[in-house]
Each structure stands twice: as C-alpha cells, then as structure tokens.
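Here is the structure we will look at, set down as structure tokens.
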Amino acid sequence: MDFVFTDEQVMIADTVSAFLVESATSERTRAAMAADGLDRSLWASFCEDLGLAGIGVPEESGGVGLGMVEQAIVAEAAGATVAPLPLLGHAMLVRAIVAGGSHEQKDTWLSRLVSGRIVGAVARAEHWQDKGSSLSLVADFVPHGASADLIMVCGEARAWLVDAAQPQVTRIGHVTMDQTRPLATVTLTEARVEELPDGPAAIAAAEVTGLLSLSAEALGVAQEALDRTVAYSKERIQFGRPIGSFQAYKHRLADMMVLIEQARSAVYWAACALDENDADAWLALHAAKSFCADTAFMCAANMIQLHGGIGFTWEHDAHLFFKRARSIQTLMGSGNHHREKVAAMVLGEAA
Amino acid sequence: MDFVFTDEQVMIADTVSAFLVESATSERTRAAMAADGLDRSLWASFCEDLGLAGIGVPEESGGVGLGMVEQAIVAEAAGATVAPLPLLGHAMLVRAIVAGGSHEQKDTWLSRLVSGRIVGAVARAEHWQDKGSSLSLVADFVPHGASADLIMVCGEARAWLVDAAQPQVTRIGHVTMDQTRPLATVTLTEARVEELPDGPAAIAAAEVTGLLSLSAEALGVAQEALDRTVAYSKERIQFGRPIGSFQAYKHRLADMMVLIEQARSAVYWAACALDENDADAWLALHAAKSFCADTAFMCAANMIQLHGGIGFTWEHDAHLFFKRARSIQTLMGSGNHHREKVAAMVLGEAA
Amino acid sequence: MKLGFSLAEEAFRDECAAWLQDRMANAFADIRGIANLTEKIERRKEWEQELAAHRWSCIGWPEQWGGRGASLAEQVIFAEEYARAGAPGRVNHIGVELAGPTILAFGTEEQKAKFLPGIAAGTSIWCQGYSEPNAGSDLANVRTKARLEGDQWVVNGQKVWTSLAHYSDWIFVVARSEEGSKGPKGLTFLMMKLDQPGIDVVPIRQINGEAEFNETFFADARCPADSLIGTPGDGWRVAMGLLAFERGVSTLGQQMGFRNELDEIIRVARENGAARDPLIRQRIAKAEIGLRLMRYGALRMLSRTDLSAIDGAALTYKIQWATWRRDLGELAMDVLGQAGEIAEGDAYEWGMLPNLFLYSRCDTIYGGTNQIQRNQIAERGLGLPREPRGDV
Amino acid sequence: MKLGFSLAEEAFRDECAAWLQDRMANAFADIRGIANLTEKIERRKEWEQELAAHRWSCIGWPEQWGGRGASLAEQVIFAEEYARAGAPGRVNHIGVELAGPTILAFGTEEQKAKFLPGIAAGTSIWCQGYSEPNAGSDLANVRTKARLEGDQWVVNGQKVWTSLAHYSDWIFVVARSEEGSKGPKGLTFLMMKLDQPGIDVVPIRQINGEAEFNETFFADARCPADSLIGTPGDGWRVAMGLLAFERGVSTLGQQMGFRNELDEIIRVARENGAARDPLIRQRIAKAEIGLRLMRYGALRMLSRTDLSAIDGAALTYKIQWATWRRDLGELAMDVLGQAGEIAEGDAYEWGMLPNLFLYSRCDTIYGGTNQIQRNQIAERGLGLPREPRGDV
C-alpha cells in the first residue's frame, strides 16, 4: 500500500503537463475550434515527440505498456488544457483492440494508431443490420467522429472496426457546444467491417478506459479552473482589496478545493483498482465518473462567476472549461445514472 | 389585487405576536417539554384573553369568522416562538367540523373548542373496523394526541369524532424529538364515535388547514431563526470584529433572507388562494408546504451553525427551532411528496 | 390581502387583450414571440411606435407624458396580457422602465418635455452606461471623466456591458466630473446622443456566441451643459434611484419569458420521456414553485404603499431570479440529454434551451453579481456591519 | 502508486484480526460495538489495558515506548481489523493520538519517561483544554492564565468543550503565561492532573440530550514547573503541532464508525422500502461515494513522505467528514420517516440514527467550525490573503 505516485509517474505527469501547457495554447485551441476541433499538428507531436499515445499498448505491439494510473495522468493533463486532441476515442480504441482484437488486428492497427498516422474513435449503436462482412447502422454523438480514420462500432456484445474512408461510411460533424471535442453522427450503409473476435472484452476495455479518462480529464478541468481563479483573485482589485481577500470569495474557492481533493482520490482509486484487478473497480469507476464530472462542472461554473463580467465573454477561456465540463457530464452516462449503479451495488441488488 | 395585509390583519399579527413573545417564554416552553408538551395555562389565555382560537369558526357558532390569511398569521407567530400549544390539531379540527359536521356537532363541540375548555386533535388511520356506532383502529403519529380531549379520526373518505376520555380509547404519548409537539399513538377498541355527515369535506378542510398552518409555522420558525442569528452576529466578537461583519457569515444570512422572502410569498399566496377559491389553491399548498418546511430547516440548521458551540447546547433555544423545523418537514407529507404532486400538476397528469 | 381582480380591472384586461391579440395575429405577426434582444430590430421599433400610437407604450406614466396613469393592478394585467399575446421583448425597455422614470423623478420640466415624448413615442431608444472595465462590482469606482467646456460636457473614458448600445439613440452615463474625487462622490449623471464622432461602440461576444453587450468608448464625446440630471457631483444618488426602478412591473413581463422557457422544458420532458424520471420531476416542480414565488414576490413588492422603503422582497429579487434561471438552464440541459450539446444548423447558434443554459451564466453576474446582491441584502436588509474597504 | 497489501502485510492482518476477534468474541464481548464516548467506561479502561498488555495500544509508537514501530500499511490494517472486529471506541483516543505524539515530538526525555508509559499502558486517560467560552473559533484568544509561583504553575480560568474531562486523569491546557500578551504570543502548553481541588468539571448537555462535553474551571489549579511542553510563551506552536496529529491513522478508525452508520441506514432503507425511492437511492450512493473517497483521501494523506508539508487532502479532511456526516444524518431521518422522531423508551435517548442526526450538528462546529476550516483551506492551502483582523 503506497497511495502516491512513483518517481516514474511523477516524471510522466510533469512531462505531459509541460508539453501541453506549452503547446496546447488558447490560440491553437481556438483555431481548432473554428475547424473540426482537432489540432492535427499537436496530435502528431503528442504521438511522436512525447510518445505517450501508446500507454495502453504492450511494448511488443509498439506501445509503452503502462497502466491505468498513467492513462489517468495523461487525461488529467489534457483536461487541464482543454486540449483539442482525440485522446478519449484513441485511448478507448487502443485498449479495446489490445483486449479483444485478433493478432492481425493488433498488428494492422495498433502501431498506426500509436504513431498518430491514423485517428481513432469509438461509437455505439442500438440497432444494426449485419450481412456477414457488411454492416449498416447509425451511431449518434461520436466524439471526434468526423475526424477519425478508424472507428470501432459497438452494438451490445459485438464490436467491429470500420475504415472511415470508404464511401459506405458517412460522417456528419455537428456544431457542438464544446468545440474542442465535436460530436458526429456516423452512418454505415453496407460498410465493410472487420469484427473483433472478443467483442465483450473490447467493449469492456473501451468502457472502463473511457470512464476513467473522462474522470481524470474532469479532475484536470476542475483543478485548472481553481488555479486560474485563485491567480485572478490575487490580482483583481475591487473595493480597494484583492478580491481573494473577501471571505465569501475565499470560501467558494475552498469549497472547490474540498471537492477537487476528493475527485483526485476518486480518479486514482479507480485507476489503481483497475490496474490491481480489485473487486471494487466498477464501483470506483461509477463513483469517479459521477463525482469528478460534477466537480468539474461546479468548478468551471465558479470560474465564470468569480471572474465577473470578463468570465462570460468569448474572449476569456473560462467558457472552454465550462463547456468541456458540461460535455463530460453528459458523455457515457449522467451522474445520476452512475450513482444509481452505485446504489444498486451497495443495496445488494443484482446488476 | 392588493397583496399586503389590511390594517385589521396587521393588528392581528401585532397582537398575537406580542402575546406569544411575552407569554410563550423559553422557561415555560421548557417546563411544557418536560411534561406533555402543552402549556395549558398559555392555551387557556390564548383562547380566553386573545380570543383567536375561533378564527375558523363563523360568528354564529361562537367564533370570529376570519379567513385563511388570519389563520396563517396566527400560525406564523406561534412558529416564531415554538409555542407548546395544540394549535395545529385545534385549527384542523375546528375547520373540519365547520366544513363537514352536523348542526348538533357544531353546537356541541365548536364553542367548547374555541373557548379552550377542551383540546382537539386530528388522527389518520389506514385500516379500521366499523361496527355501526363503535370503531376500532390504531392511528400513529398524532400531534398532541395524548393531551387531546376530542379527536377526529380520518379513514379515507370518512371521519369520526371520538371522546378521548372513554376507556375504549388508549393513548401512548411518545418521547418525541420535538418536545413542543409530542406525537402519540391512539388506539380505539370498539370506541363510541360519532361520524361527521360530510366526511370528505371535513377531511379536506382539516388537510388544507393543516398544510397551511404548518407552512406558516415554518415561516415563523425561519424568520425567528434569522432574526436571532442576526442579533447574535452583531454582538458576538471574534478575531476583533463582530462576526456579522465577516462576508461569508453575511452571505449565509442573506441566503436565509432570500429563502424566507419566498416562503412568505408562498404562505400568503396559498392563504389568499384558499380564501378566494382560486383554482391554484392546491398547487399553492403543495408549494408552500415543501418550500417553507425546507426553508425552516435550512434556517434553523444555520442558526445552530452560526452560533458556534453554544448553538448545539441544550441550554440554548436553537435546538428547539431545529427540532420543530424537522418535525414540520415530516408531518403531513415530505417535501419530495408535495413536489411530486406539483410535478404531476404541471406535467398535466391526472391527480 | 387579496389576489383577485375587480370587475373593472377584468374589463381592462379584456380591452388590452383584444388589442394585443389582434396586433399579434395580424399586423405584427412576424415578430410574435421574439424574446432575445437583437432580432428584427427595425420591425420591433415599429412595434414600439404602434404601442405608442394607442397609448400602450408606458401606461404607468402620467397621461400628460403619454401614459395612462394606470393603477398597479392595471399594469400587472397589461404585463400579463402582453406576454400572453406573445408580443415581443421591448427594445426600448431601458427607455421606458429606467430612463423615463428617472427623468420623471429627478428631471427638470424642460428635460421632461425634451426627452419623455420620444421615449413614449418609441422613437428614442435608450441604453445605460454604468459599469467600467476596472470597476466590476465596485460600481462607484468610475474613471470615465466629464469636464464642462463652455456650454458642453466633454466626456472621455470607457463603459462596458452597455447592452443594446449598437441599436440605441441615447445613453445615460455616470462620469467623474470632480477631478481627484473618489468613489460615489463627484459623479455626474449625463444623457448623451450616441450618434456622434466621439462615441464608439464595440460589441462583446458572449459565451453563447452572440453579442448583446458592448464596450462603449468615449473620446471627447460631447453633450449640452443641461444634459445632466440633478446637479454636478450628485450623479450617484440619481444612479442609485434609477437602479431601484429596475424592480418595477416589468419584472412581471420578464417572468412571462421565464414561463415560456419552463413550458418548453416541460414540453420536451414529456416528449422525450425525461418527465418519467423522478429526479427530473422534482426539479421541474422546484422550478415551477420558484417561478410562482417570483410572481407573488413581485406582487408583494409592487403592492407596497411606500415604494422608497427598503423591502425584503425587492432586495432579494435579483439574486432570486438570476439563480432560478441558472438552475433552469441546468435542468434544460439535463432534460435534453446529449441532444442539447448539438446545434441545429451549421453556425454556433443555439435554440431556446441550450441558449438559456449558456446565457443564464451572465444573469448571475451583470446588473450586480450574486455576491454583491448578498452583500446588499446583508447590509441594507439585515443591517449587518459593512465589510472594511481596502486601500490598494 | 499501489493500493493492495504485500503478503507480509496480509500475514500481519491475520495476526491482529485473530487476536481482536478472539477478545471481542470472548473476554470483552460485553463491550463489543460501543461507539459513543460515555458508555461502560470502566470496562473500556480495562480494554485499553488489555490492548497494552499485548502491545496493541499504540502500534505506531517506537518500541521503546510500548509501540511496535509499525509501518503505515500495518497501522492501516490494524485500524481496519480493529473496526471489523467490532472493538469499542478508544476511551484514550486523546492520549494515544494527540498527547502521546506531542510528547514524542516536543517533550524532553524526562517527560517521555514520565508520561508515555501510562498512556501506552492505558492507565492514564487524557483530555484537551483548548477552547474558551469567549474565544470560540478564535483559538488564540486565550484568557486562562498561568503564572509560575516557585516550583509550580498556578492556573486560573475556564475551558470549554473539554470532551471526556469527567473520565480523564490528565488534561493539557493552553494558558496565557505572559501578562498583557495577545493572540498566539505568550501562551504556554501545560499538562495537569485533573484530580485536584483547583479543577472543577461541569458537563454540558447537548442537542441530543446527552453530555459528552464539559466546561472545566481552573481556580488556583496547580502543576509542577516542569509540566510544560516546549518553553514558556511557546505554547501556540506546540498546540498547532498537536492539531496536525489529529489527522492520523485514527481517521480510518473513525471512518469505520461512519461505515456502521451508513450500513444501518442501508439496512433500514431495504427493510422499510425507502430503498425503492430513486431520490433516496441517489443519496445513499452519494454517501457511499463520499465515504470511499474519505478512505482514499486518508490513504493519500498518510502515504505522504513529508508529513509536515501542507497537503490538500489533510487540510480538507475535517470539513469533508463533518459535512458528510451531517448530510448522512439528514438522510437517516428521511429514510426513517416519522418513526425517526420517536424515541424507543421513556427517556430522551436516541438510537444510532436519530442520534447521528442530532449529534452531527456538533461535528461541523467543534474542532474548528466549517467556516474556520474554509478560511484555513483558502489561506494555507490556496495562499489567499488573510482576512483583516478587527480591533474590537
């Protein structure tokens, strides 16, 4: 039992954070927002220079073979900069292929994904029509779906890989409230697909990776919203005093910190529980997703409020955090949904 | 349209408030708490000297024939002093007999109740055994039920008056968290009863009177909790300043005031809606009960918190308000229950 | 205490309802239901003039100045019927509800004659210049300067959050006219024509992608010497009086807009099944209760005989509606689910409910943040000691 | 980063679990599960001595002073197994967790030899004298006075909220030893025997009807000159160091008590059907999540290598658990429904859940109110400017 980062984990956290703070600037983010919400050059250097896109991939498949704690560290840093990167879908897809793909699929896709040559996404559909090697379906709300080259489509216990470039696949990229991670509608019309041999394993891997990544991202959003607001509160003078000296202002910042400390415990509890195959791993994931998303929203909303008028302008970055926080709340199940799962578990009801 | 008190209503409010502030002292309340939670001498002088026990009774039956606004004014003042009086059951019973009783029942009971010679209570039972003139049942959680002489028992659409002195009636007065209004279990074993000819009218009158009274009482509790805490905050010095000068403290008091102003609108909206037979009267009652009870609880809880250590001692009165507020929340349906009713109404669902 | 209306009042209701409904069904059907501040401005100016032509533009004003001297009950009724008919948001809200009443209360007879007819006629649109970039919530920290040069005031500085300045004819400005004065002292309240070379209006884009607010720059902007209300140095008192008018009958009209938003949430919730979720149901109920209590709070506030007295319902109104609407925005998004995150078209433009969610984040800030409201409530409403001012 | 335990640690778990479960099943079965501070005190003092006899009373202390020099993981394991076995609340909590570590950190070798064996043996029960009636949250506003008379300190004044003083042997007192000093300066930290004519302990009845706290009066109370920790005037530093020890491994034991309360709520909810209510289910889930996050927050806090550094998890812990437990109390009552308002017997005495509801109102006040916690978090954790102190 040692619930602090190892030296290597501290180094990863410092590296990824330094890289993103320097590269994922507000200017670049806003340029990506005006396009498809993806900074391709940033993603390329994330994959090539930083080499952290292969965290979830074993070394023999070209990855760096690290665990969920490291996955969370990267997602946290990405959240803190609201970076316009396809990290969520990438991490989900990579771990899904590792968990449920064939040898050929791993050989074919993992190195291309890890090197950043192709962009990945994951979609889910309620209904589909399966004609052996071709598949028809509509999947809504796919993060970065319009920018992806390879999409894993999940339907109940089955999962298929789809090359998005074929004409049988159409993507409609929507104007999305959070422009740093636009959603798309993906339609397959008798598209060529290759099914993953272990669908349930692939889907489970994608799901736990997605929930953990969103939780960690939310932690990053929340902490950065607090840090920036604290900095502002020490500079901004009103009524002849720095606004951070007013007690009510202080107490709101303190409340943010109280939540963030819990969110941090939640993320790394869940990450360790996954890495250590702990029986409570799902409980931890439901807890982390609901708690961290709500914390991020509360902190980003306070970031706007505590900045006053400037906080609600387009020009200030506060709305980027606010919109990201809201989108995290909605993606992959609301807070109420995950709390209901927790309730069923602690009340001893069957899943 | 004139949503302020008339001069007569201002006078009633001033009179009842002055009477209770002078008579319903903490000492007398604590003496009643150690007994059955009823200050009989206070009740006698409320009925005789003040003459306001007959608000709900027409003048021809010995009452003063006033409306629901006046009923609310009295309940608000009683709440503000957490007076150990049987007002809730009294008001419910009196208005029930007026609405659904026979001439004989009105003649027999109203003047005795209004003069304070007998104490009334109202009970509700889920199941009963009716053998013509005798009735058997168990009713739980009857406010001041162990102290009452005349109890109206309601079962679905029927209502009976029961003389509590007969041996076929047993009352168990419970040690109750709010000792200013103890609850009792009332058991009838082939007891003599007289049925009210219009049961539904009697029950409806009791219910609207009870809900409005509890809402108004809650308003009184909340306002008094705020007023006493404001007074304390101007006197109490910490860190070299009156604690009321600290911004976070101020903001909590401000939040209390914001809720209380809404609670006041709720109570008198509901009272007017009842007096004017407005179609929204039930909506107003559900709104008032849920909103005012929650407001009272929030304010009384803050009263404890903002008094610091002294606030949680037995010797200080804060816990009396806190316990009364909690009991108001629970009596006659929780906040969630009443909000669910509101939701069904606004969503256009059948009641 | 009485909520209902008299027979005469109900007759008045019939009269204005008939007039409003006819206009909204026919001549002005094209602007029916417009709630935001910036759509179809020209047609809405025509609508202001149509109201004026039938003496419906400012019914609470004295008859002499184009009003009807309407009673409170009549004003309440008109506000209700105006909204019920779906008549559009008033583009001259600030003229009718703030500038006009301020001139009526503090202006000279000459000023009344000069300004009120244009407001009543719907031909002069007004905006307000209070906030400044470095002042924020500290409203009295005014740096915009005014100096008297001959028979003109010359104004230099910058105002911010001047909503609708880009469509307005007049602006009222609080400027520092005494060199070296601080805080609320030495300020003067001026009325200036916007269309002049010394004034530049730059829109500010908000979180929802639209621009309703502006920065307004003054570089040797000018107005005649008699354009001030009150006396030089007395501007703070006038400005504070004006803020009090913000809590008038127009709040009821505002509430009708809220009603539409809540109704839309209810409609969507019934349609997409969110209305079956007990947690959503609780929040819909809370929203409904909050809206009703706003209405009865406004009626309590308006029914007071002494309008100048500090009153709990009036002091608490701003934070109450702003917080209610912020919560409503979150409810709207939770009812919409993921669909709420996607715009219908190809531009960053939002339908009623997502826009409510985004725009309501401004509500708790402009016109006095929730924090400032709480200070005011505590200090003016509860008499708590003032926070010590710093000297940085 | 790792949550699991090693094989050696699991072996340690088996050892202490076996010992604890045997005692709770046999020799001490009569005090199994007692959570409150005042029940069966004499038997629980015997239990302290039983723990000591087998070197389980303060396993984190050095072996020299009766401990085992246990690792953090071992301390965590022991705390878990202690609670799992249903062993009762430690009556000498303050001695073992606060007084002992303070003496270990700041005391002389003589003081260690004098005081530590009694604490380790469970024969000296301790309580603390910090708060004063006129100080409240302003802990440094100490008026109790100490003066050196020959070879003795003579103490006069009053302390309040001294929990368990009526069952204790020793009290540590922060007193003003420099005439005319103010605030945190001029204070001295003294250890005094309670059983003497100059000290009078008067219980304070709380909201739940019980009395766990006391007022403690000092009238020429005495202790030897060498009863101070640190130097005269240096008491504030010692007292603050002691408060830091409050956030040690014992928090995990406290959390096991919370676990029992939440489990009881879950049991009742399943039994009476409240568990079918989606609103209750959300709150149960929130409580479960909050409790788990407290555990992992405590583990983060304890896993730090530099225990003196200011740490977010440590700074936020008090407000976190106090607020969690207050909310739990409200959940308990909502699950119980009206039945929660009625006591089982004829006295004003409450079962676990209603008592939780009432007593948790103290939690957010004693040991630093939630307000003070937020000040600390903002000023020490976030580096925000201090609130100006007044001079009344």
Side-chain angles (χ1 to χ4, degrees), chain A residues 33-34 140-143 172-179 181-185 235-243 245-249 252 297 300-316 318-320 322-323 326-327 329-337 339-340, chain C residues 131 133-138 140-141 160-161 182-183 204-211 213 277-280 326 330 333-334 336-350 354 357-366 369-372 374-375 378 386-392:
Chain A
M33 284 161 56
D140 289 315
F141 311 121
V142 185
I172 302 173
H174 300 289
V175 172
T176 303
M177 195 174 276
D178 173 11
Q179 294 175 291
R181 184 157 59 204
L183 304 173
T185 300
E235 284 162 20
R236 173 81 171 167
I237 308 292
Q238 296 227 303
F239 305 102
R241 289 163 54 179
I243 53 177
S245 73
F246 285 96
Q247 201 191 30
Y249 200 105
R252 285 180 80 136
F297 184 77
N302 270 341
M303 183 185 189
I304 293 179
Q305 181 70 28
L306 297 177
H307 275 77
I310 190 78
F312 64 69
T313 63
W314 191 267
E315 152 196 39
H316 194 277
H319 72 105
L320 307 187
F322 180 73
K323 290 165 183 173
R326 172 68 216 181
S327 93
Q329 283 189 307
T330 322
L331 279 165
M332 300 187 76
S334 71
N336 288 348
H337 165 84
R339 280 186 291 269
E340 173 55 36
Chain C
S131 295
N134 288 307
S137 293
D138 190 2
N141 186 12
V160 74
W161 319 124
K182 268 195 172 176
I204 301 172
R205 197 175 177 205
Q206 303 124 219
I207 181 172
N208 64 346
E210 295 178 15
F213 296 103
D277 177 349
L279 296 149
I280 293 289
R326 183 198 64 193
E330 295 180 14
M333 289 298 281
D334 287 345
L336 284 166
Q338 242 175 330
E341 311 244 343
I342 289 178
E344 276 175 34
D346 290 334
Y348 201 83
E349 281 174 1
W350 297 98
F357 170 65
L358 293 173
Y359 190 84
S360 62
R361 295 291 148 177
C362 314
D363 290 332
T364 55
I365 295 174
Y366 74 80
T369 64
N370 278 9
Q371 287 71 43
I372 291 295
R374 290 192 182 94
N375 283 353
R386 293 179 70 88
E387 189 74 12
R389 205 187 157 93
D391 49 11
V392 177

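Values below: all heavy atoms of this structure, side chains included; hydrogens, waters and symmetry mates excluded. Numbered from 1 within each chain, the chains take letters A, B, ... in sequence-line order.
One distance of note links CG of C:Asn370 with CZ of A:Arg252; it measures 7.5 Å at 0.5 Å rounding. With rounding to the nearest 0.5 Å, the separation of CG in C:Leu358 from CZ in A:Phe322 is 6.5 Å. For the atom pair CG of C:Asp346 and CD1 of A:Ile172, the computed distance is 10.0 Å after rounding to the nearest 0.5 Å. Residue C:Gln206 holds its CD atom at 15.5 Å from NE2 of A:His316, rounded to the nearest 0.5 Å. Here the CD1 atom belonging to C:Ile372 is positioned 7.0 Å from the CD atom belonging to A:Gln238, to the nearest 0.5 angstrom. For the atom pair A:Asn336 CG and C:Ile280 CD1, the distance stands at 7.5 Å (nearest 0.5 Å).
Looking only at heavy-atom pairs under 4.5 Å with chain C, the residue among A:Ser334, A:Ala318, A:Gly309 that has the most is A:Gly309. Across C:Asp334, C:Thr369, C:Asn208, the residue that shares the most heavy-atom pairs under 4.5 angstrom with chain A is C:Asp334. Comparing A:Arg326, A:Gln247, A:His174 by how many heavy-atom pairs each has under 4.5 Å with chain C, the most go to A:Arg326. Between chain A and the options C:Glu344, C:Glu341, C:Glu349, heavy-atom pairs under 4.5 Å are most frequent for C:Glu341. Looking only at heavy-atom pairs under 4.5 Å with chain A, the residue among C:Ala343, C:Cys362, C:Ala140, C:Gly345 that has the most is C:Cys362. Of all the listed residues (C:Thr364, C:Ile365, C:Val160), the one sharing the greatest number of non-hydrogen pairs under 4.5 Å with chain A is C:Ile365. Here A:Gln179 is the residue among A:Glu315, A:His319, A:Gln179 with the most heavy-atom pairs under 4.5 Å with chain C.
Taking both residues in full, the closest heavy atoms of C:Trp161 and A:Thr313 are given as CH2-CG2, 3.6 Å, listed atom of the first, atom of the second, then distance. The minimum heavy-atom distance between A:Arg236 and C:Pro133, with the atom names listed, is NH1-O, 3.4 Å. Of all heavy-atom pairs between C:Tyr366 and A:Phe312, the closest is N-CE2, 4.4 Å.
Interface remark: A:Leu183 contributes side-chain atoms only to the contact with chain C (heavy atom separation under 4.5 Å). Of the atoms belonging to C:Phe213, it is side-chain heavy atoms, and not backbone ones, that fall under 4.5 Å from chain A. With a threshold of 4.5 angstrom between heavy atoms, A:Leu331 approaches chain C through its backbone and through its side chain. Heavy atoms of A:Gln329 lying under 4.5 Å from chain C are absent altogether. If you measure heavy-atom distances from C:Arg374 to chain A, the contacts under 4.5 Å come from the side chain alone. For chain A, the nearby part of C:Ala347 is the backbone; its heavy atoms alone come within less than 4.5 Å. With a 4.5 Å cut-off on non-hydrogen atoms, C:Ile342 touches chain A through its backbone and its side chain both.
For C:Tyr348 (side chain) and A:Met177 (main-chain N/O), a donor-acceptor pair under 3.5 Å exists by modelled atom type. Between the side chain of A:Lys323 and the backbone N or O of C:Ile207 there is at least one donor-acceptor pair closer than 3.5 Å. The backbone N or O of A:Tyr249 lies less than 3.5 Å from no partner atom in the side chain of C:Gln371, so there is not a single donor-acceptor pair.
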